[in-house]
Asker: 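What follows is a single structure, and I will ask about it in a moment.
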Amino acid sequence: MGKKKKPFLGMPAPLGYVPGLGRGATGFTTRSDIGPARDANDPVDDRHAPPGKRTVGDQMKKSQDDDDEDLNDTNYDEFNGYAGSLFSSGPYEKDDEEADAIYAALDKRMDERRKERRELREKEEIEKYRMERPKIQQQFSDLKRKLSEVSEEEWLSIPEVGDARNKRQRNPRYEKLTPVPDSFFSKHLQSGENHTTVDPLQGPFAFPQLGGLNTPYPGSMTPGLMTPGTGDLDMRKIGQARNTLMDMRLSQVSDSVSGQTVVDPKGYLTDLNSMIPTHGGDISDIKKARLLLKSVRETNPHHPPAWIASARLEEVTGKIQRFCVCQIPLFHSAKYCKRIKIHGYYIGRALTVVGFTKNVVIIYLNTRAVNRLLFGLSAQTLLTFSRELTFVPSAALENVSKSVRLWKTAVELEEPEDARIMLSRAVECCPTSVELWLALARLETYENARRVLNKARENIPTDRHIWITAAKLEEANGNTQMVEKIIDRAITSLRANGVEINREQWIQDAEECDKAGSVATCQAVIRAVIGIGIEEEDRKHTWMEDAESCVAHGALECARAIYAHALQVFPSKKSVWLRAAYFEKNHGTRESLEALLQRAVAHCPKAEVLWLMGAKSKWLAEDVPAARSILALAFQANPNSEEIWLAAVKLESENNEYERARRLLAKARSSAPTARVFMKSVKLEWVLGNIEAAQELCTEALKHYEDFPKLWMMRGQIEDQCENTDKAREAYSQGLKKCPHSVALWLLMSHLEERVGQLTRARAILEKARLKNPQSPELWLESVRLEFRAGLKNIASTLMAKALQECPNSGILWAEAVFLEARPQRKTKSVDALKKCEHDPHVLLAVAKLFWSERKITKAREWFLRTVKIEPDLGDAWAFFYKFELQHGTEEQQEEVRKRCENAEPRHGELWCAESKHVLNWQKKTGEILAEVAKKIKNAF
C-alpha cells in the first residue's frame, strides 16, 4: 500500500512565508555572486546582529519624541490609537485580522458570562444611590398626590410666590435714617422748641391737627393735598375732591324716570358724611378699575372672577348697595356664604335672591350650593331664611325653566303636595326628562299615575324605564296579569321606535325590580329578554351563567325565573334539573324543592340522584313512609341501580329496621352483586355485633372481588378488633399483594406493626410503600410522624425535607412542616407554605392554628372561616374551628359553626374519618361527631 499523502502538501504557502526563516536560516550568495536569496521586501532578521551602543543623545531624542507625541484627532486611529501599533512594524494583514477577531470573540464570550451579574450589581448600586440621594421629584411625590384632595377654594386661596428675604435687607428705610428737610428745622427754630428727636407719627407728612394716632394711612396722602413746605392741608384741593365725589355719587343714585332725575338728598348726605376723604389720585384709580372691570364683564359675562373682583372693589369703596346688584355666578356660592356672614341676614338674602334670579348660568345650581347657603347662615336667622330659601330656585325657574337640575332642586325643597304640583309644571317645561315623569307618577294616585305614565310614554317613546315602572305599578295594585302584557308591549314598541334591546341592561333592571320586591315584574322581564341575541347552541351555558350571576347579586327570583325558563326549553336535561334542585335546596324551601324534584323525576326517570334527593328530603322531614314510596318508584324506574339499593338499606338501618335492611341487602346481592353491596352487607353485620356473619360475608365477597381494597381492610380490622394480630397481619399482607397501590392498606399495616412495638418493621413497610407508590404525600407524612413519635426529631426533619422535594405542592406536608419547626421559625415556614399552596385547605388550617397558638383570636377566626369556605368537606377544619369557638367564642358563634358543619356534611379528614367510621359511631349525626372530634383535640398546635 502506498503512503497516504500529507494534507498540506501541494497547498499554497501562507502569505509572507519564507522557507527556513523560522529555523534561523539567513540569506547567502551563490557561486555566481547573484545576490541574496531573499526578496528585498522580506522582513529583516536582526536576531544575530550585534547590539548597537546607545548614546546619551539617542536617549534624549527618544524621550523628546515621546513627549512630542501628536494627540490631534486627525492622528487618531480606531485600531491603533494615537501611538500606532506597539508590537508590529509590518502591515496589518489577514492573519492579524483573523487573530484579532478570535480575541474579540473570546472577550465577548467572557463578557457575556459576567454580563448578568454585572448588570445586577450596577442595578443594586443605582438603587442604593437613589435611596441615599433621592431626586427632588421622589421626595415630593407624596405631596403631589395630596394635591388631588385640594379643593377649588383652597387652591384659589394660595398666596402668590414672593420674595421671602428679610424685609430689612430689601427695604433699607427700616434701618437707615431718612433726611429731614431744612424747612422742618427752621420751623422749630422759630417756635423755640428744643427737641432733639422726631416722633415718627408726627413727621413731616403727619396731620398735627389730628394727632399721631389719627394719622391716615401714608399711602393715601400725597403732597398734592398739602401746602408746599408745611404740614397743613390744602383745603382747596379737598374741596375739589369732594365735588368730584359728589358728581360720582349723583350718577350712582340717580334714576331716569320720564326724563327727570330723581335724587335722594338725605341718603346722599348720609353717605357723604360717612365717607373718608380721599385725594384725586385715588378717585382716578377707582374710576380706571371700574372701567377695566366693566370691560371684562361685558367681554365675557360668564367669567366669575370678573364679577367677584367688581364686588370686592365696591365693598372696598363702601358701596354695599352697588355690590348687591352684581350677578355673581352660582358655582362661586361660597362667596355668598362669606357675604352673608359678614353683612348680616338682610344683605345676605338680597345677595342670594339677586344671584339666583339674575344669573345667566343658573343651571349650575345643585344641592351642594343650597347646603353651602344654609351653612353660611347663623343659627338665629336659619329658621327665617329657610322659609324663603324655596323662593330662590323658584324665582330662578322664571328665567331658566328648561333646567332639569333646577327643577329637581326646587322639588326637593317642597312638601309632598307642593312637590306634586311643581312636578306637574316641571314635566310641561321639561317633557323629555324621564326622572321628572317617574317622580310625578310616584306622588300620584293609581289612576293618575297610569295617566302620567301614558303621557310620559307618548313624549318619550324610546325609554324602557317608563314601561318597567308601569309594570311595577300594576303589580303593586294587584293586576299581575297585566305585567306580562306590559313587558311584551314594551319590547315591541321599543323595537318599533328603533331601540336596540340590550339584554344585559334588561337583566340588571330585573335584578333591581327583584330587590325592590316586584317579583312578577322581574320574572316577566327575564322571560321576555332571556333569549335575545343568543345562539341556540349557547343557550344552556349562557343561561346557567346568568342564573349564577343573579344568585351572586342577591336576585334569587331572577335566578328562579331563569331556571324555570331553561327547564321549559330543556325538559330532558339532567344537569339543568340538578342545578335547579341545588338552587332550591340552598335558597328555597323544602316544599319548593320537593315540587321541583317531583317534576324532575317525571322528565328524567333514569336520573338516580334526583330520586335520592327526593327521598332524602322526605327523610329529613321525618316522613319515612314517603321516602320509602319514592325509593319504590325509583326501583321501578331503575331496577338494578346500586345507589338506590344502598339508599334503601341506609334508610331502613337509620330507622332501626335492621331485618328489612338485611332482606334488602340479600336481594341486592342476588340482583345487583357489586363490591359496594357486599361491603355494606359486611359493615351492617359488623356494626350490629355479628362478627362471624361479617367474616363469612367478607370471605364470600373476596372470592368475587379480591382486588377491592376496602374488603381486605375490613377483614384486617375485624381480626384486629378480635385481637388476632397474626390473622390481621396476614389479611393486610394478602391484600397488599392483590392491591399494591392502596395507600390506606399500607398505612393500616404500618399502624399495626407500630402498635405492637415493631418500629423497624413499620419503617420498612413505609419505605416499601413509597417504592410502590412514588410521590405519595400520605406515605411520606406517615414516615415523618413515625420518626417524630419515636423521638427522632432530626430524622423526622430530614425525611420532611426529602418529602417536600418529591412532593413540593402537597398541602398536608407543608402543614405538618410548619409545626415541625421551632416556634420562632413557624411563621417563616407558614409564609413559604402559602407561597407553594396558596389555596390548599390544610395549609390554611395550619395558619389558623398558628394564629391560635399566638393568641391572635381575630386573625385565627378569619383564617378558620377562609378554610371552611374553600373546602367545606374537610371535617378536621370544622372540628378545629368548633374547638376554637368553644375556648374563645360565644354561644351564638359556637352554634353557628355547628349548624354550618351540619349543612356541609363533611366526609373527609384524618381525625374526622377516624371518628365517623368507627363501628360504635355508625348512627351518630354530624353534630355529634363534630363534638366528639373536638373533644379529642387536646392541643391545636
Asker: To the nearest 0.5 Å, what is the distance between CZ on Arg660 and CG on Leu651?
Answerer: 8.5 Å

Asker: State, to 0.1 Å, how close Cys901 and Pro906 come at their nearest heavy-atom pair, and which atoms those are.
Answerer: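 Scanning both residues completely, I find the closest heavy atoms to be O-CD, 3.3 Å.
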
Asker: Say whether, by atom type as modelled, one donor and one acceptor occur between the side chain of Asp538 and the main chain of Ile534 under 3.5 angstrom.
Answerer: no

Asker: Hey, does the side chain of Asp876 reach the backbone of Leu911 with a donor-acceptor pair shorter than 3.5 angstrom?
Answerer: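 Flag set: sc Asp876 to bb Leu911 pair under 3.5 Å.
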
Asker: Kindly indicate whether the side chain of Val933, heavy atoms from C-beta on, has any atom under 4.5 Å from the side chain of Lys883.
Answerer: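 The answer is no; the side chains never approach within 4.5 Å.
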
Asker: Under a 3.5 Å distance rule, please check whether Asp514 uses its side chain to pair with a backbone N or O of Leu556 as donor and acceptor.
Answerer: yes

Asker: Over all heavy atoms of both residues, which pair between Val551 and Ala559 is shortest? Give the atoms and the distance, please.
Answerer: CG2-CB, 3.6 Å

Asker: Once rounded to the nearest 0.5 Å, what's the spacing between atom CD of Gln508 and atom SG of Cys558?
Answerer: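 It is 11.0 Å, given to the nearest 0.5 Å.
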
Asker: With a 4.5 Å heavy-atom cut-off, do Tyr563 and Trp543 have their side chains touching?
Answerer: no

Asker: Quick one: does Gln893's side chain have a donor or acceptor within less than 3.5 Å of a partner on Thr890's backbone?
Answerer: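 Pair found, side chain donor or acceptor close to backbone of Thr890.
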
Asker: Does Glu447 have more than 12 heavy atoms from other residues, nucleotides or ligands lying within 6.0 Å of its CD?
Answerer: yes

Asker: Side chains of Trp912 and Thr926: does their closest heavy-atom pair fall under 4.5 Å?
Answerer: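 In short, these two side chains touch, coming nearer than 4.5 Å.
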
Asker: Return yes if some donor-acceptor pair links the side-chain N/O of Glu475 with the main-chain N/O of Thr521 below 3.5 Å, else return no.
Answerer: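 Checking the backbone N and O of Thr521 against the side chain of Glu475, a donor-acceptor pair under 3.5 Å is found.
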
Asker: Work out which heavy atom in Ala555 is nearest to a heavy atom in Glu511; give both atom names and the distance.
Answerer: CB-CG, 3.7 Å

Asker: Taking NZ, NE, NH1 and NH2 as the nitrogens, is one of them in Glu643 or Lys650 under 4.0 Å from a carboxylate oxygen of the other?
Answerer: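 No salt bridge links Glu643 with Lys650.
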
Asker: Does the side chain of Thr480 come within less than 4.5 Å of Glu474's, by heavy atoms?
Answerer: no

Asker: Working note: Glu484 + Arg527, criterion salt bridge (charged side-chain N to carboxylate O under 4.0 Å, His left out); need CA distance, chi angles, decisive distance, verdict.
Answerer: CA-CA 9 Å; Glu484 193 81 25; Arg527 286 191 293 270; 2.7 Å; yes

Asker: Looking at Arg590 and Glu584, is there a salt bridge between them, counting it only when a charged N and a carboxylate O are closer than 4.0 Å?
Answerer: no

Asker: Should Arg464 and Gln505 count as side-chain neighbours, where that means a heavy-atom distance under 4.5 Å?
Answerer: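 In short, these two side chains touch, coming nearer than 4.5 Å.
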
Asker: Should we say atom CD of Glu435 is surrounded by more than 12 heavy atoms from elsewhere, each under 6.0 Å from it?
Answerer: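 No, not enclosed.
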
Asker: Taking the basic N atoms (NZ, or NE/NH1/NH2) and the acidic carboxylate oxygens, is any pair closer than 4.0 Å for Glu862 and Arg866?
Answerer: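 Answer for the salt bridge query: no.
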
Asker: Mark yes when over 12 heavy atoms from residues, nucleotides or ligands other than Gln923 sit less than 6.0 Å from its CD; otherwise mark no.
Answerer: yes

Asker: So Asn448 and Thr445, side-chain hydrogen bond (donor to acceptor under 3.5 Å, both in side chains) or not? Walk me through it.
Answerer: CA-CA 5 Å; Asn448 293 336; Thr445 60; 3.2 Å; yes

Asker: Has Gln598 got more than 12 heavy atoms of other residues, nucleotides or ligands less than 6.0 Å from its CD?
Answerer: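 12 or below, so no.
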
Asker: Should Glu548 and Arg579 count as an ion pair when the cut-off is N to O under 4.0 Å?
Answerer: yes

Asker: How long is the gap from CD1 on Ile630 to CD on Glu594, to the nearest 0.5 Å?
Answerer: 7.0 Å

Asker: So which heavy atom on Ile487 is nearest to which on Ala528, and how close?
Answerer: CG2-CB, 3.7 Å

Asker: What distance separates Leu930 CG from Lys899 NZ, expressed to the nearest 0.5 Å?
Answerer: 14.0 Å

Asker: Flag the pair Glu905 and Lys616 as a salt bridge only when some basic side-chain nitrogen lies within less than 4.0 angstrom of an acidic carboxylate oxygen.
Answerer: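 Looking at Glu905 and Lys616, the cut-off is met.
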
Asker: Can you tell me if Trp645 uses its side chain to pair, donor with acceptor, with the backbone of Asn640 under 3.5 Å?
Answerer: no

Asker: Where do Thr589 and Leu593 land on the side-chain contact (heavy atoms from CB on, under 4.5 Å) test, with the steps shown first?
Answerer: CA-CA 6 Å; Thr589 60; Leu593 174 61; over 6 Å; no

Asker: Just do the side-chain contact (heavy atoms from CB on, under 4.5 Å) check on Trp437 and Leu453 with the steps written out, would you?
Answerer: CA-CA 7 Å; Trp437 284 106; Leu453 290 175; 6.0 Å; no

Asker: Let's go through Trp611 and Asn638 carefully: what are the C-alpha distance in whole Å and the side-chain angles of both, what is the deciding distance for side-chain contact (heavy atoms from CB on, under 4.5 Å) to 0.1 Å, and is it a yes or a no?
Answerer: CA-CA 10 Å; Trp611 290 103; Asn638 305 275; 3.9 Å; yes

Asker: Taking side chain as C-beta onward, heavy atoms only, is Trp922 less than 4.5 Å from Ser653?
Answerer: yes

Asker: Between the side chains of Ser575 and Lys540, does any donor sit under 3.5 Å from an acceptor?
Answerer: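 There is such a pair between these side chains.
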
Asker: So, Glu902 and Lys925, do they make that salt bridge, N to O below 4.0 Å?
Answerer: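 Salt bridge between Glu902 and Lys925, a charged N being under 4.0 Å from a carboxylate O: no.
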
Asker: Once rounded to the nearest 0.5 Å, what's the spacing between atom CG of Leu633 and atom CD1 of Ile644?
Answerer: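 Reported value, rounded in 0.5 Å steps: 10.0 Å.
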
Asker: Indicate yes or no: does Arg560 engage Glu557 in a salt bridge with an N to O separation below 4.0 Å.
Answerer: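 The answer is yes: the pair qualifies as a salt bridge.
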
Asker: Does NE2 belonging to His587 count more than 12 external heavy atoms closer than 6.0 Å?
Answerer: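 Atom NE2 in His587 is packed in, count exceeds 12.
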
Asker: Would you give the length of the straight line joining atom CH2 of Trp506 to atom CD1 of Ile468, rounded to the nearest 0.5 angstrom?
Answerer: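 Between atom CH2 of Trp506 and atom CD1 of Ile468 there are 4.5 Å.
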
Asker: Does Asp463 use its side chain to pair, donor to acceptor, with the backbone of His465 at less than 3.5 Å?
Answerer: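 It does hold such a pair.
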
Asker: Do you know which two heavy atoms are closest between Ala637 and Pro605, and how far apart they sit?
Answerer: CB-O, 3.7 Å

Asker: Closer than 4.0 angstrom, basic N to acidic O: yes or no for Glu885 and Arg898?
Answerer: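 Result for this pair is no, no salt bridge flagged.
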
Asker: Is the backbone N or O of Thr462 less than 3.5 Å from a side-chain atom of Asn497, with the two atoms forming a donor-acceptor pair by type?
Answerer: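 A pair under 3.5 Å: no.
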
Asker: Determine yes or no for a side-chain-to-main-chain donor-acceptor pair under 3.5 angstrom, with Ser629 supplying the side chain and Ala626 the backbone.
Answerer: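 Yes; judged by distance alone, with no hydrogens or angles, the pair exists.
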
Asker: Could you report the tightest heavy-atom contact between Ala860 and Ala848, atom names first, then the distance?
Answerer: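 Closest heavy-atom pair between Ala860 and Ala848: CB-O, 3.8 Å.
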
Asker: With a 4.5 Å cut-off on side-chain heavy atoms, are His603 and Ser572 touching?
Answerer: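 Ser572 does not reach His603 side chain to side chain.
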
Asker: Under the side-chain contact (heavy atoms from CB on, under 4.5 Å) criterion, do Trp863 and Leu845 qualify, and how do the steps go?
Answerer: CA-CA 7 Å; Trp863 283 88; Leu845 179 61; over 6 Å; no

Asker: Do Phe570 and Trp577 have their ring centres less than 6.0 Å from each other?
Answerer: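 No, they do not, as the ring centres are separated by 6.0 Å or more.
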
Asker: For residues Thr542 and Arg503, determine if any side-chain heavy atom of one lies less than 4.5 Å from a side-chain heavy atom of the other.
Answerer: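 Sidechains of Arg503 and Thr542: in contact.
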
Asker: If only atom types and distance count, is the side chain of Ser592 paired as donor or acceptor with the main-chain N or O of Gly588 below 3.5 Å?
Answerer: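 Checking the backbone N and O of Gly588 against the side chain of Ser592, no donor-acceptor pair under 3.5 Å is found.
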
Asker: Would you call Arg495 and Glu500 a salt bridge, using N to O less than 4.0 angstrom?
Answerer: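 Salt bridge: no.
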
Asker: Take Arg457 and Asn454 through the side-chain hydrogen bond (donor to acceptor under 3.5 Å, both in side chains) test and state the conclusion after the steps.
Answerer: CA-CA 5 Å; Arg457 192 169 61 249; Asn454 289 330; 2.7 Å; yes

Asker: Is atom CD of Gln481 surrounded by more than 12 heavy atoms (other residues, nucleotides or ligands) closer than 6.0 Å?
Answerer: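 Yes.
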
